[in-house]
There are 2 protein chains.
Amino acid sequence: MARPRSFDEDAVLEGAMALFWRRGYDGATLEALDRATGLNRGSLYNAFGDKRDLFLAALSRYVRQAISPAVEAVRAAPNGSAALDILFPLDAPVDRRGCLICKAAAEVAPVDAEIAEIAREAYRPLREALEAVFAADPDVTSAKPSAAMVVAAYQGTKIMANAGVSAEEITKVADGAREALISA
Amino acid sequence: MARPRSFDEDAVLEGAMALFWRRGYDGATLEALDRATGLNRGSLYNAFGDKRDLFLAALSRYVRQAISPAVEAVRAAPNGSAALDILFPLDAPVDRRGCLICKAAAEVAPVDAEIAEIAREAYRPLREALEAVFAADPDVTSAKPSAAMVVAAYQGTKIMANAGVSAEEITKVADGAREALISA
DNA sequence: AGAGTTCTTGACCGTTTAATCAAGAACTGC
DNA sequence: GCAGTTCTTGATTAAACGGTCAAGAACTCT
């Protein structure tokens with residue numbers, strides 16, 4: 001009944017997300033988005049709406065692809081220590097891209113209430129998953145504050161990664177969380 | 001020997017810093033900087049160089065004005081608990097502006113190596129001050145990792161503040177840090 | 001095969017951006 | 001009061017920005 005789309009919508013979103021992640025919202029120009037997605041500007045607007053709509057879709061994809069798996073893994077963790085191993089994997093290279101949600105919180109949230117809410121909600125499942133694991137672990141005291149603190153420290157390491165902080169430095173954050181929480 | 005400046009350099013820097021803090025680097029247009037500083041564009045360029053130079057000066061002022069006093073206060077803290085009281089003051093309203101250094105780390109550091117280094121170094125004195133206080137406090141174990149974790153959690157709360165996270169939520173982070181670190 | 005619909009393309013538009021510049025103003029030292 | 005220097009002003013510029021649009025391509029259904 002009509003001309004079919006010549007692109008894979010998810011692949012396009014992947015490209016857009018990657019660019020926003022690297023360059024931020026303002027830093028990702030439409031010209032660069034064209035290149036990153038392989039799509040012409042008109043097709044991009046036809047399929048996703050304007051730049052902000054595309055950003056919203058990219059944020060949603062990021063949560064689904066980068067945060068949700070970690071939440072599931074934490075849910076399945078047998079104890080608090082195992083949960084920390086998921087958030088702060090040992091001897092993993094530092095990803096300087098940091099976290100797209102944190103970048104959006106810093107850059108866009110102050111001038112966009114809807115994106116602020118998305119950023120606020122994005123980390124709630126992780127916090128709740130940590131609460132549940134900590135509450136079930138007799139070695140961890142006060143599950144709720146501990147979960148809140150770990151999430152804050154996690155977000156902190158993502159900002160530090162953007163600044164190029166070394167792996168050793170970030171590992172120290174993880175060590176601090178481990179030694180502080182696990183009273184065993 | 002020449003026409004004198006008609007403005008107070010520090011007041012101008014204060015205005016520029018405030019605007020960068022609220023709107024970020026890209027978000028602070030030169031027109032808005034003119035208004036925020038009360039200076040004409042030509043005067044701004046004559047006195048400070050280009051936009052990036054002005055941003056560097058604003059970052060420097062921010063460290064001096066917003067971070068250094070906290071570092072001094074932490075240095076003077078009698079124990080770990082008192083140090084945490086400085087970083088996480090009870091019943092203080094949340095400043096949604098967050099932290100200019102963290103915003104610069106998220107937005108600018110990935111594409112500007114010099115600013116990345118500034119962001120990396122800006123929090124080192126705070127971390128070292130915490131290390132010293134923690135090391136002298138028999139109730140705190142492993143001063144270095146604990147200090148690193150507290151700084152990460154602190155930066156995390158600044159990002160959360162940008163997203164509009166509530167005071168209760170942020171207080172929980174502080175509670176978590178207290179209960180985790182102070183084994184008394 | 002023809003009509004109808006959607007998708008793709010690349011040129012195009014108005015706006016906004018950071019940055020510049022010539023001209024005049026304000027001051028100091030002689 | 002004159003020369004010399006720096007500061008201020010506002011118009012100006014070239015480039016880059018997000019967004020639009022007309023024309024043609026590609027497909028389905030009848």
Side-chain angles (χ1 to χ4, degrees), chain A residues 1-59 100 103-104 107-112 114-115, chain B residues 1-59 100 103-104 107-112 114-115:
Chain A
M1 227 194 194
R3 178 171 182 176
R5 289 196 173 159
S6 63
F7 60 88
D8 174 23
E9 189 162 322
D10 195 62
V12 166
L13 226 47
E14 159 75 27
M17 182 195 76
L19 187 70
F20 281 128
W21 198 355
R22 282 210 171 74
R23 302 270 185 251
Y25 181 76
D26 277 333
T29 68
L30 283 182
E31 195 189 337
L33 282 166
D34 286 349
R35 269 183 275 118
T37 60
L39 246 64
N40 187 289
R41 198 160 312 191
S43 298
L44 216 52
Y45 271 74
N46 180 53
F48 297 98
D50 65 11
K51 186 185 180 182
R52 182 174 171 279
D53 292 330
L54 184 59
F55 188 62
L56 289 173
L59 285 179
L100 179 58
K103 290 185 77 160
E107 183 189 357
V108 191
V111 292
D112 190 317
E114 188 183 348
I115 289 177
Chain B
M1 228 196 195
R3 180 171 178 175
R5 290 198 171 153
S6 64
F7 59 88
D8 174 22
E9 189 162 323
D10 194 63
V12 167
L13 226 46
E14 158 75 28
M17 183 196 76
L19 187 70
F20 281 127
W21 198 354
R22 283 209 171 73
R23 303 269 184 254
Y25 181 76
D26 278 332
T29 68
L30 281 180
E31 194 189 337
L33 282 166
D34 285 350
R35 269 184 274 116
T37 60
L39 247 63
N40 187 288
R41 198 157 314 189
S43 298
L44 217 51
Y45 272 77
N46 180 54
F48 297 98
D50 65 12
K51 188 185 181 184
R52 182 173 171 279
D53 292 330
L54 183 59
F55 187 62
L56 289 173
L59 284 179
L100 178 57
K103 291 186 76 160
E107 183 190 356
V108 191
V111 292
D112 191 317
E114 187 183 348
I115 290 177

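Below, read A as the first sequence line, B as the second, and so on, with proteins coming before strands; counting in each chain starts at 1. Just so you know, these numbers use all the heavy atoms, side chains as well, and skip hydrogens, waters and symmetry mates.
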ask   = Which pair of non-hydrogen atoms, one from D26(A) and one from G27(B), has the smallest distance, and what is that distance?
value =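 In this case the closest contact between D26(A) and G27(B) is OD2-N, 4.3 Å.
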
key: Shortest non-hydrogen contact between K103(B) and R22(B), atoms and distance   =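 That closest heavy-atom pairing would be NZ-O, 3.5 Å.
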
Rounded distance (Å) that lies between atom [atom2] of [N] and atom [atom1] of [X]:
X      : N       : atom1 : atom2 : result
R52(A) : dC17(D) : CZ    : C1'   : 18 Å
F48(B) : dA19(C) : CZ    : C1'   : 17 Å
F55(B) : dA18(C) : CZ    : P     : 13 Å
D53(B) : dA19(C) : CG    : C1'   : 13 Å
K51(A) : dA16(D) : NZ    : P     : 15 Å

From [atom1] ([X]) to [atom2] ([Y]), nearest 0.5 Å:
X       : Y       : atom1 : atom2 : answer
Y25(B)  : L100(B) : OH    : CG    : 12.5 Å
D53(A)  : D50(A)  : CG    : CG    : 4.5 Å
L39(B)  : F48(B)  : CG    : CZ    : 7.5 Å
D112(B) : E107(B) : CG    : CD    : 11.0 Å

Check: A28(B) main-chain N/O paired with K51(B) side-chain donor or acceptor under 3.5 Å =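 It does hold such a pair.
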
Please write out each protein N/O paired with an N/O of nucleotides 1-4 of chain C under 3.5 Å, distance rounded to 0.1 Å.
residue	atom	partner	partner atom	Å
dG4(C)	N2	M1(A)	O	3.2

key: Interface residues of residues 17-46 of chain A with DNA chain C (non-hydrogen, below 4.0 angstrom)   =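 Result for residues 17-46 of chain A: N40(A), G42(A), S43(A), N46(A), sorted by number.
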
request  = For the side chain of S6(A), starting at C-beta, report the closest nucleotide among dT8(C), dA18(C), dT8(D).
outcome  =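 Nearest to the side-chain atoms of S6(A), counting from C-beta on, is dT8(C).
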
query = Does some side-chain heavy atom of F55(A) sit less than 4.5 Å from a side-chain heavy atom of I115(A)?
reply =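 SC-SC contact between I115(A) and F55(A) confirmed.
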
